[in-house]
Structures are given as structure tokens and as C-alpha cells.
Amino acid sequence: MITRPGADEETPLASAQALLRQTVDRLGLPDPVYETLKQPMRVLEIAIPVRMDDGRVQVFTGWRAQHSDLLGPTKGGVRFHPMVDLEEVKALSLWMTLKAAVLGLPFGGGKGGVVVDPSRLSDRELEELSRGYIRALLPMVGPRFDIPAPDVNTSARVMGWMLDEYGRMKGFTEPGFITGKPLILGGSLGRLEATGRGVAVTTRAALERFEIPIADAAVAIQGFGNVGSQAARFLSRFGARVVAVNDLGGGIHNPHGIDIDALFAHRIETGSVAGFPGCAPIDNETLLTLPVEVVVPAALENQVTRRIAERMRCKVVAEAANGPTTARGDAALHARGIHVVPDILCNAGGVTVSYFEWVQNNTGDYWSESKVNHRLDHKLTTAFDQVFAMREERRVHMREAAYMVAVGRLADAMAARGWFDPWDLLASAKATPATPVATRRT
Ligand code: NAD
């Protein structure tokens, strides 16, 4: 089950808006910067009728939020989940804008969701739903408008159906319409692993900066889906020791380290990490509060609440999921001296390789896997260094620093578009609010 924040916790959207407000004030930016970014510029709610296998027609509710196109076309995943709602989609779209900005990608943020439990659908019903989602969105998507991608419970296969439906409606195929698609349809080498790889790369960078050796560093990972499993694989390749992992089926713990490749095989065979030989069972809360070097929440939002954070004993939280820490959880982590690699930096590997995929589709020049990985590592480490430099310069936490880098760039774009006088903007900031143009494309 997903955990929603307790009564004393803010929703992800409220937390993101509160931090945005703080960031705009801290940078001395004019109020319209906050007013523009606090909500999506456009939201569409849709109803998708699907003929079920038993002959009934079931109507599913979905959304697409296009948060901001200041830096380029909007971009972001589509989530199929029984508890997704409009507020969540709005928060996720805002984070996508910040994520693209912090990485210096020429994209804005978007996000989509459909209220459905896909495990209850047959393959045919899932395909109908995926195609119906794109049909309903047709007037507001496209490779230069809004570019969908996978998120929770939507895979490359779903992207393939969506691409096909878009092509049928348009009358021609357009691979740059969607990313995270199968290789044969123009997907990018390295995309599947990109988010987890990025989590490992940014975690390694953080450990280096905080002078914690990665060799044999103990790691606990919540969630073993696309992101969690790949993060586990790359962190163990970098020398860390993954000691605990869980998913919706249960958790496993082995203080000596878990063989991640064997765990992949076990999960394929059984559908869960639970019951992996040589490990003891572990519950979710115990996993999150283990005395390890790194905890990686890689499931959903609101997992690190204040109550959990006050009991955590790790040195670093690497936010592989979007919004896994509540605002109060975040405050408790800082009070306890636990470092955070914030989601908009930590899990940005996915959107970065989605950008590479879009570039390859638009140019017809397809890259080798090593070129993709090399460029990904470079982009992530450059962004990490920029955020870390902001942290040092302004004496703020990593999340605040990441927001400052991102919002500074978005304000630059507003100024360059003529919304404000850039000189007034710079003067009012009294410090350098934004990164100089030359450092944006890395
Ligand atoms: P996924 O559906 O492949 O995996 C989710 C995993 O979390 C599954 O193993 C599931 O069993 C587990 N899980 C769910 N609730 C849990 C709970 N309460 N306790 C323990 N385990 C739980 O999804 P994903 O694509 O890996 O995405 C995970 C997170 O990463 C989401 O927040 C998503 O928005 C974010 N993200 C994904 C990508 C991407 O490229 N897929 C990119 C950036 C961010």
C-alpha cells in the first residue's frame, strides 16, 4: 500500500510550493516568478472509455499537466495508479520543470496520470487504455509541444502502444513524440537503466563530497521497480553493499550484502524480492531506519515522514523516487544531520536520457550505449557540482540549492523572454540568482 502523509504532513504540492516561495524570496526575485511557477500553465482532465473483456465499458479518469514551457516543450511521464490524483500530477509536473532546469535541459515540465490499478487489467484492456489516453490528449501533445514518457506502472511496451496510436491519428510516424519506447521504435540505448544509473552516480558524488567511502558502504533500498533495481545494480557495481531491499511483496535483509544479479533473476521468477534465499524478512519501517550509510527511497511519494525521519540512522538519503520526503520529514532529516540528494537531481538520469532519445529521434543519428552513458554521467556530475557549489556559496541544504539553481534559470528565461527587465532582476537579487547562460548547456 502507498502511504499518504499523516494529518500533520503537507501534500507534495503544498510542500513544493512552500519551498518554491522560499527560493524565490531567497533569490530576491519578483513575485510573478512564484505566481507563474506555483501551478501548471495548463491542465487537461480526460475520461477514457475502455471496453473490458467481459463486454462492459469502464470509464477511467486521467490528467495531463503542462507545468511550464519556459525552457522548451513540456516533458514528463505518465503514471497508472489507483491513488493518483490531480494534486499529485500537478506536483509531479512542477518537479519536472525544476528537474529539467537543474540539468540544463531544453524542456519544461509535464506529467500525466490515470486512476487505474493496471494489475487488474488484461493486456488487451491495458493497451486500450494506453491508446485511449493518447487519443484524448491528441490536441495538446507532440514532439515540439509535450512529450510523454514512462513513470510508475507504465513501461516501454505502453510507450510503444502510445506511439502507434499517435501515428495512426496523425497519419505519419513521429518517434520524437514519446520517450522510453522500445529500441526498435527509436528508443535510446541506456534509457531503461538511466534513472537508476543516475541515482548511483549522484549518490557516489555525494558520498565523495561528504567524505564517506563508497567501498563497502551499506545501502538500503525501498522499492525494486525500474529505478530501485537499477540503482541497486549500479551502486553495487560502484562497490557499495546493498543490505536490504523491499517491494510491495515484502522485504529482505542480509547485513553481508545481497547478490543483486541473482535478485533480479529471483524477482523475474517470483514477481517479488520477498523470499530471496539467504536473507531474513524485514518490514518497511525497519528497512528505512537501518543504521546504513545510504537509504534510497525508490517507490512513491511521502515515505520519509517526520515520524520515520526522526528514527532514521543513515548518513545520506538518496531520493530516487519523486517526492519521497515530506516537508516535515525533510526538516527532521536536517535536524539530525542527514544529508539529502534531492529528487530533482538524484533521479534526473531518466529525463536526461529521454532528452538524448528525443535528440536522436529528431536528428536520425543514433548513439552507441557508451556515448549515452558517458554524456549522462557528465551531465549529472556537472549538475551535481553546480548544486553543491550553490550549497556552499549560500549555506543552504542540497534541496534548497537545487531549487535555487533551477528557479534562477527559469527566472533568466522569463527575463530573456521580456517578462522583466533582466538588469532589474539582477539588481534586486543582490547576488547572482541565476547561472550564466554559458554554463547551462553542459
Ligand atoms: P515501478 O512501478 O517500476 O516500481 C515501483 C516499486 O516500488 C515496485 O517495486 C513496487 O513494488 C514498490 N513499492 C511501491 N510502494 C511501495 C511501498 N510502500 N513499500 C515498498 N515498496 C513499494 O516504478 P519506477 O519507474 O521504478 O518509479 C519509482 C519512483 O521513481 C517513482 O516515484 C517515479 O516517479 C520515480 N521516477 C521514475 C523514473 C523512471 O524513469 N521510471 C524517473 C524519475 C523518477
Side-chain angles (χ1 to χ4, degrees), residues 1-5 12 75-84 88-89 91-93 95-96 98-100 102-103 109 111-113 117-119 148-159 179-181 187-188 190-199 202 220-233 244-252 263-264 267-268 270-274 282-288 295-305 308 318-325 341-355 357 376 380:
M1 271 303 290
I2 322 158
T3 319
R4 290 284 171 199
K75 172 102 197 70
V78 182
R79 174 174 294 196
F80 285 177
H81 197 279
M83 287 179 73
V84 69
E88 181 177 284
V89 172
L92 288 160
S93 71
W95 286 325
M96 283 305 296
L98 298 175
K99 203 182 292 186
V102 93
L103 263 288
K111 203 76 180 192
D117 179 355
S119 68
D151 191 67
V152 175
N153 292 328
T154 54
S155 57
R157 186 169 69 142
V158 169
M159 298 304 111
T179 60
K181 55 194 171 284
S188 177
R191 174 62 184 88
L192 184 71
E193 303 84 2
T195 309
R197 182 187 179 94
V199 170
T202 52
I221 302 183
Q222 182 201 42
F224 202 70
N226 173 287
V227 180
S229 63
Q230 296 296 341
R233 180 171 265 165
V245 173
N246 72 0
D247 61 20
L248 281 172
I252 55 169
L263 183 60
F264 265 79
R267 190 199 45 176
I268 290 168
T270 67
S272 169
V273 297
I282 186 168
D283 65 66
N284 189 44
E285 200 161 320
T286 311
L287 178 144
L288 290 172
V295 167
V296 183
L300 287 165
E301 299 91 90
N302 302 325
Q303 301 303 303
V304 180
T305 57
I308 295 281
E319 294 186 331
N322 285 309
T325 309
V341 188
D343 49 5
I344 61 169
L345 176 64
C346 189
N347 70 32
V351 69
T352 302
V353 176
S354 274
Y355 162 59
E357 181 175 333
L376 172 62
L380 285 168

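Quantities reported herein were computed from a predicted structural model and do not represent experimental measurements. Residues take their numbers from the sequence shown, with the count starting at 1. Each ligand, and each atom within it, is numbered from 1 in the order the structure gives.
Taking distance alone, with nitrogen or oxygen atoms compared against 3.5 Å, Asn226 approaches ligand 1 more closely than that limit. In terms of polar-atom proximity, defined here as any N/O pair under 3.5 Å, Phe224 does make such a contact with ligand 1. When only interatomic distances are considered, the shortest N/O to N/O separation between Asn347 and ligand 1 does not fall below 3.5 Å. In terms of polar-atom proximity, Val152 is not counted as a contact of ligand 1, lacking any N or O under 3.5 Å from an N or O of the ligand.
Side-chain contact check for Lys75 versus Thr179: some heavy-atom pair is nearer than 4.5 Å. You'll find the side chain of Asp151 reaches within 4.5 Å of the side chain of Asn322, heavy atoms only. Taking the side chain as every heavy atom from C-beta outward, Asp343 and Pro324 approach each other to under 4.5 Å.
Nearest-residue assignment for atom 28 (C) of ligand 1 (options Gly180, Ala299, Pro118; heavy-atom criterion): Ala299. Of the listed options Val245, Asn322, Thr352, Asn322 places a heavy atom closest to atom 44 (C) of ligand 1. Nearest-heavy-atom check against atom 6 (C) of ligand 1 across Gly225, Gly196, Gly350, Ser272 picks out Gly225. Nearest-residue assignment for atom 37 (C) of ligand 1 (options Leu288, Asp343, Val199, Val227; heavy-atom criterion): Val227.
Within the structure, ligand 1 has Arg79 among the residues with a heavy atom less than 4.0 angstrom away.
If you look at Arg191 next to ligand 1, the close heavy atoms, those under 4.0 Å, all belong to the side chain. When non-hydrogen atoms are compared, ligand 1 lies under 4.0 Å from the backbone of Ala298 (N, CA, C, O) but not from its side chain. Counting heavy atoms closer than 4.0 Å to ligand 1, residue Ala149 contributes nothing at all.
The Asn153 neighbourhood of ligand 1 comprises atoms 2 (O), with distances under 4.0 Å to a heavy atom of that residue. Near Gln222, meaning under 4.0 Å from one of its heavy atoms, ligand 1 places the atoms 19 (N), 20 (C). Residue-ligand proximity, Asn246 to ligand 1, at heavy-atom distances under 4.0 Å covers atoms 20 (C), 21 (N).
Under 3.5 Å, the side chains of Gln222 and Asn284 contain a donor-acceptor pair of N or O atoms. For the 3.5 Å distance criterion, the side chains of Thr195 and Asn347 fail to qualify, holding no donor opposite an acceptor. Judged by distance alone, the side chains of Thr154 and Arg79 never bring a donor and an acceptor atom under 3.5 Å apart.
In this structure, the separation between CD on Glu319 and CH2 on Trp95 is 9.0 Å, given to the nearest 0.5 Å.
Looking at residues two or more places apart in sequence or on another chain, you find a side chain to side chain contact (heavy atoms under 4.5 Å, CB included) between Ala231 and Val199. Legend: residues meeting side chain to side chain contact (heavy atoms under 4.5 Å, CB included) with Arg233, ordered by chain and number and at least two apart, are Gln230, Arg237, Ile260, Asp261, Phe264.
Using a 4.0 Å cut-off between a side-chain N of Lys or Arg and a carboxylate O of Asp or Glu, Lys181 and Glu357 qualify as a salt bridge.
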